[in-house]
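No hydrogens, no waters, no symmetry mates; every other heavy atom, side chains included, goes into these values. For ligands, and for the atoms within them, numbers begin at 1 and follow the listed sequence.
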Amino acid sequence: MIKSRICEILGIKYPIIQGGMAWIADASLAAAVSNAGGLGLISSVNAGTEAVRNEIRKCKTLTDKPFGVNIMLQAPNAAEIAQMVIEEGVKILTTGAGSPAPYMEAWKAAGIHVIPVVASVALALKVQALGATALVAEGAESGGHVGELHTISLLPQVADAVDIPVIGAGGIADPRQAAAAFILGADAIQVGTRFLSAEECTVHQNYKERILKATDISTIVTGKTLGHPVRSLKTPFSNTFAKMEADPEVKPEEILAFGTGALRKAVKEGDPNGSYMAGEVAGMVNKIEPAKAIVEDIILGAEKILKEASTKYIG
Ligand code: TUI
């Protein structure tokens, strides 16, 4: 078994966390991952604060294992969600797309393990100083909102800079990538895109089909000119978005308006004009299977690779 301090701290069997994917990560997926021995996460990006509260309550009925909530800090209801998770007795939080500083004191006082997602060494040092239990170092291979650095450069630099456990994310979908993340200094891994193909993932069937059809070059990053880069599948929507960004005649407000609600449309309606956020690994996701099979394939496979590495590479 891969030794990891994260398993003892969070009370989980395997050092694998499911990404808190906006609109997608609900009680169904989170409970399935937690029941499989990983850490399931519920996204705070849903149809409002009460909808997220309901997902948390539902998850408690589906699993007696630990699970957490991912808080998207740029969402307009972030402060409301920050309070609601305390009321609901959530014990593990991850945060994304910003600094969790404004909420750290209240969460810590409530005995919550806070695990911010960071994309730089500077923010890693900041959240460690603020009392984070651990952090997720997420490279730009990931889907959705991305930073500048990729996992192979980010992960070892963050791992060297901090003492708290580091969870590697971005570009991890199979046992080889998981093993590489552990070698780069990760105490655990976070996986998003691969879980889109889980049987328990309630994303629209059209979304799953686009992921299954994706190849290595199927994703694109748009939104850089708006200061909010996002990786998604190449679709007519992302092409139009990219064209609008390249056109000096189009105002940023028009582009923002064009993008508003696009992720929800893809996730809930399978709308071809929606935003299908996905990581660079989408091309490696080729079958629908239970979350348990995904967790075990990645973790048990990584263990085997790490065990065999000494004889495979050393003479
Ligand atoms: O948050 C994510 N990924 C996301 S959030 C999201 S929701 C959405 N986004 C766009 C349109 C519609 C919906 C989709 N994907 N990942 C975690 C993450 N956080 N990656 C990178 C960061 C990050 C980047 C900069 C964290 C902090 C930061 O700067 C903090 C600061 O203010 O210094």
K.L.:
Counting non-hydrogen protein atoms only, what is the nearest one to atom 16 (N) of ligand 1? Give residue, atom name and distance.
P.N.:
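For atom 16 (N) of ligand 1, the nearest protein heavy atom is Glu138 OE2, 3.0 Å.
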K.L.:
Determine, stepwise, if the pair Arg194 / Glu289 fulfils salt bridge (Lys or Arg N to Asp or Glu O under 4.0 Å).
P.N.:
CA-CA 10 Å; Arg194 175 110 187 246; Glu289 58 195 329; 2.8 Å; yes
K.L.:
Which residue owns the protein heavy atom closest to atom 31 (C) of ligand 1, what's the atom, and how far is it?
P.N.:
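Sorting protein heavy atoms by distance from atom 31 (C) of ligand 1 puts Ser99 N, 4.1 Å first.
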K.L.:
Quick one: does Leu135's side chain get under 4.5 Å of Gln128's, heavy atoms only?
P.N.:
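Leu135 vs Gln128: side chains apart.
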K.L.:
Ala22 heavy atoms, cut-off 4.0 Å: which ligand 1 atoms fall inside?
P.N.:
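Numbered from 1, ligand 1 contributes 7 (S).
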K.L.:
Any luck finding a side-chain donor-acceptor pair between Asn70 and Thr94 under 3.5 Å?
P.N.:
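A pair is found: one side chain offers a donor N or O, the other an acceptor, under 3.5 Å apart.
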K.L.:
Which heavy atom of the protein is the closest neighbour of atom 33 (O) of ligand 1, given with residue, atom name and distance?
P.N.:
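The closest heavy atom on the protein side is Leu123 CD1, 4.3 Å.
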K.L.:
Just jot down the side-chain contact (heavy atoms from CB on, under 4.5 Å) partners of Pro66, sequence neighbours excluded, or say none.
P.N.:
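Once residues adjacent in sequence are excluded, the partners of Pro66 under the side-chain contact (heavy atoms from CB on, under 4.5 Å) criterion are Ile12, Leu39, Ile92.
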K.L.:
What residue and atom, counting heavy atoms only, is the protein's closest point to atom 11 (C) of ligand 1, and at what distance?
P.N.:
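The protein heavy atom lying closest is Met277 CE, 3.6 Å.
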K.L.:
Could you label the plane-to-plane angle of the Phe237 and Phe258 rings as parallel, tilted or perpendicular, counting under 30° as parallel and over 60° as perpendicular?
P.N.:
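Phe237 vs Phe258 ring planes: parallel.
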K.L.:
If we check side chain to side chain contact (heavy atoms under 4.5 Å, CB included) with Ile71, which of these qualifies: Val114, Val85, Val117, Asn77?
P.N.:
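It is Val85; the other options fail the test.
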K.L.:
Which residue from His145, Gln190, Glu148, Arg231 reaches closest to atom 14 (C) of ligand 1 through any of its heavy atoms?
P.N.:
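That would be His145.
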K.L.:
Nearest to atom 26 (C) of ligand 1, what protein heavy atom do you find, and at what distance?
P.N.:
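Result: Gly98 N, 3.4 Å.
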K.L.:
Would you check whether His228 reaches within less than 4.0 Å of ligand 1, judged by its heavy atoms?
P.N.:
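Judged by the 4.0 Å heavy-atom criterion, His228 does count as contacting ligand 1.
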K.L.:
Heavy-atom contacts with Gly144 under 4.0 Å: which atoms of ligand 1 show up? List them by number with element.
P.N.:
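With Gly144 as reference, the close atoms of ligand 1 come out as 14 (C), 15 (N).
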K.L.:
If you define the side chain from C-beta out and look only at heavy atoms, does anything of Arg176 sit under 4.5 Å from Met284?
P.N.:
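Yes. Closest side-chain heavy atoms under 4.5 Å.
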K.L.:
I need the nearest protein heavy-atom contact for atom 7 (S) of ligand 1: residue, atom name and distance, please.
P.N.:
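Here the closest protein heavy atom is Met72 CE, 3.6 Å.
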K.L.:
Which residues pass the side-chain contact (heavy atoms from CB on, under 4.5 Å) test with Ala51, sequence neighbours left out?
P.N.:
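Counting only residues at least two positions away or on another chain, Ala51 forms a side-chain contact (heavy atoms from CB on, under 4.5 Å) with Asn46, Ala47.
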K.L.:
Using distance alone, determine whether Ala97 and ligand 1 share an N or O pair under 3.5 Å.
P.N.:
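Indeed, backbone or side chain, Ala97 has an N or O that close.
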